[in-house]
Amino acid sequence: MTESVVELFDRVAGRYDDVLPFFAGFGRLVAGRLPAPKPGSRLPAPKPGSRLLDIGAGRGAIAVPARARGFEVTATDAAPAMVARLRDEQPGLDVRLMDAAGLDFPDDSFDVVTAGLTMHILDDAEAVSREVRRVLRPGGLFAFTTPGRVPEGFKFADGANALFAEFASYLPPQGSMGAPFDEIETLTAAGFEQIRETDLRLELPVADAETFWQWFQTHGTRKFFDDLPPARRADFRRRLIDDLTPRGPLVLRRYAWLYQARKPAQQP
Ligand SMILES: C[S@@+](CC[C@H](N)C(=O)[O-])C[C@H]1O[C@@H](n2cnc3c(N)ncnc32)[C@H](O)[C@@H]1O
């Protein structure tokens with residue numbers, strides 16, 4: 001039987017975001033864009049506008065900086081090992097084991113719902129968006145990110161991208177994660193309005209090619225390699241390292257798209 005997305009994250013949770021602070025980096029950028037109740041403050045009694053739910057929270061890339069900005073945060077994730085790690089690392093944070101497709105909260109419970117680099121790996125992003133809309137108060141904000149394109153002329157990534165394209169032909173059918181979805185159509189179909197799309201940019205120095213390879217093994221891209229026949233996986237690694245090593249200091253540059261949309265203030 002093939003491993004589910006949640007099972008994969010359960011397996012990698014122990015090393016997730018340890019090799020490079022990639023998700024933490026994007027999470028900080030997202031948290032910084034949220035209209036926090038009082039920037040930089042920790043409110044003993046949160047004011048309206050401050051109840052935030054993070055779905056697919058992982059190690060708290062968004063939840064942790066959002067809490068530091070004064071939000072009253074509830075973090076949820078469907079992978080038990082991810083939830084255990086987040087609880088361990090963030091004592092005092094409200095962390096719950098929960099599938100994003102069935103949020104165990106009453107209607108109108110939150111002012112903001114966030115999802116960092118998670119919507120694109122779900123089986124049904126529209127169903128989850130409808131569930132998010134239900135738990136948001138009227139006028140509440142849904143903010144999520146999806147991976148963006150790699151910058152033009154970025155030779156280091158070009159090499160890796162060409163390898164991914166070439167080796168995709170060795171994957172079993174239906175090996176990829178989630179289902180393709182159009183973010184704006186999905187939000188519209190789920191009843192959101194005032195949709196805004198912006199891009200976020202992250203640059204991280206990478207010590208060497210082996211670090212880059214290890215980074216791939218500690219998040220969702222791991223599935224690509226696990227699905228390759230072992231000889232092909234070894235071949236990919238060798239070619240990646242041969243390609244990157246002569247390039248000298250490596251910098252990982254990535255974009256993510258940030259979508260922000262509102263639940264209508266007036267219920268239809
Ligand atoms: C790529 S990680 C992103 C984690 C975090 N938001 C971040 O930016 O680091 C995706 C997360 O979504 C979780 N996940 C996957 N499917 C889920 C589902 N159906 N419901 C809730 N969480 C899910 C995984 O366990 C994993 O922690």
Side-chain angles (χ1 to χ4, degrees), residues 2-34 52-67 71 73-90 93-105 110 112-132 134-135 142-148 176-179 181 186 200 202 204 215-226 252 254-259:
T2 55
E3 183 180 48
S4 72
V5 168
V6 170
E7 287 166 343
L8 171 89
F9 280 101
D10 208 44
R11 188 157 54 90
V12 301
R15 291 187 68 209
Y16 181 79
D17 225 19
D18 276 345
V19 177
L20 294 174
F22 175 84
F23 293 92
F26 273 120
R28 255 195 315 277
L29 292 176
V30 173
R33 300 285 179 104
L34 298 174
L52 183 147
L53 171 68
D54 189 29
I55 58 174
R59 283 179 63 197
I62 296 176
V64 172
R67 190 167 177 234
F71 286 97
V73 174
T74 299
T76 58
D77 199 285
M82 208 60 107
V83 165
R85 185 165 185 194
L86 183 54
R87 280 188 181 139
D88 253 23
E89 291 181 340
Q90 302 295 330
L93 180 66
D94 178 15
V95 187
R96 308 196 197 175
L97 181 66
M98 203 178 289
D99 195 305
L103 297 172
D104 189 15
F105 301 105
F110 295 96
V112 179
V113 177
T114 54
L117 298 169
T118 294
M119 294 297 288
H120 64 293
I121 58 167
L122 300 172
D123 291 337
D124 189 342
E126 189 182 320
V128 169
S129 301
R130 282 196 301 272
E131 189 60 352
V132 167
R134 182 184 69 73
V135 301
F142 183 22
F144 70 82
T145 45
T146 51
S176 68
M177 278 191 175
F181 83 113
T186 301
L200 304 176
L202 188 70
L204 292 172
W215 175 66
F216 279 141
Q217 310 308 312
T218 55
H219 61 274
T221 310
R222 169 82 178 247
K223 180 155 176 52
F224 184 97
F225 298 107
D226 288 352
L252 176 64
R254 285 285 195 275
Y255 288 122
W257 294 111
L258 170 64
Y259 293 88

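Values reported hereafter were calculated over all heavy atoms of this structure, with side chains retained and with hydrogens, waters and symmetry mates removed. In this text, all values refer to a predicted model and were calculated from it rather than measured experimentally. Ligands are counted one by one from 1 in listed order, and the atoms in each one are counted from 1 as well.
- Within the set Thr145, Thr118, Ile55, the minimum heavy-atom distance to atom 11 (C) of ligand 1 is found for Thr118.
- When heavy-atom distances to ligand 1 are checked against a 4.0 Å cut-off, Ile62 has no atom that comes that close, whether in backbone or side chain.
- Within the 4.0 Å heavy-atom criterion, the part of Val6 lying near ligand 1 is the side chain and not the backbone.
- Contact annotation: for Met98 versus ligand 1, heavy atoms closer than 4.0 Å belong to the backbone alone.
- Between Phe22 and His219, the angle of the ring planes stays under 30°, which puts this pair in the parallel group of the 30/60° scheme.
- Between Tyr255 and Phe26 the shortest heavy-atom distance is C-CZ, 3.8 Å.
- Distances between N or O atoms of Ala61 and those of ligand 1 include no value under 3.5 Å.
- Heavy atoms of Tyr16 found under 4.0 angstrom from ligand 1 belong exclusively to the side chain.
- Between Glu7 and Arg11 there is no salt bridge, since no side-chain nitrogen of the basic residue lies less than 4.0 Å from a carboxylate oxygen of the acidic one.
- Contacts between Ala100 and ligand 1, counted as non-hydrogen atom pairs separated by less than 4.0 Å, involve both the backbone and the side chain.
- Proximity of Leu122 to ligand 1, defined as any heavy-atom pair under 4.0 Å, is confined to the side chain (atoms from C-beta onward).
- At a 4.0 Å heavy-atom cut-off, ligand 1 touches Ala57 through the backbone alone.
- Here's the thing with Gly56: one of its N/O atoms is less than 3.5 angstrom from an N/O atom of ligand 1.
- Looking at ligand 1, you won't find any N or O of Asp54 less than 3.5 Å from one of its N or O atoms.
- Distance check: Phe142 CZ to Leu53 CG gives 9.5 Å after rounding to the nearest 0.5 Å.
- Applying side chain to side chain contact (heavy atoms under 4.5 Å, CB included) to Glu131 and the options Asp124, Leu103, Ile55 leaves one that passes, Leu103.
- In terms of modelled atom types and a separation under 3.5 Å, the side chain of Thr145 and the main chain of Tyr259 share no donor-acceptor contact.
- Nearest protein heavy-atom contact of atom 22 (N) of ligand 1 is Ala78 N, 3.3 Å.
- Residue contacts with ligand 1 include Met82, since one or more of its heavy atoms lies under 4.0 Å from the ligand.
- Between Arg85 and Asp17 there is no salt bridge, since no side-chain N of the basic residue sits under 4.0 Å from a carboxylate O of the acidic one.
- Against a heavy-atom cut-off of under 4.0 Å, Asp99 is close to the following atoms of ligand 1: 18 (C), 19 (N), 20 (N).
- When only non-hydrogen protein atoms are considered, atom 8 (O) of ligand 1 lies nearest to Gly116 O, 3.4 Å.
- Ion pairing between a basic and an acidic side chain is recognised when a charged N comes within 4.0 Å of a carboxylate O; Arg59 and Asp18 show such pairing.
- Protein heavy atom at the shortest distance from atom 27 (O) of ligand 1 is Asp77 OD2, 2.6 Å.
- Nearest heavy atom pair, residue Val83 against residue Arg96, reads CG2-O, 4.0 Å.
- For the pair Leu258 and Leu29, the minimum side-chain heavy-atom distance is 4.5 Å or more.
- The aromatic rings of Phe105 and Phe110 lie perpendicular to each other, with more than 60° between the two planes, well past the 30° mark.
- The option from Leu103, Thr221, Val5 that lies nearest to atom 15 (C) of ligand 1, judged by heavy atoms, is Val5.
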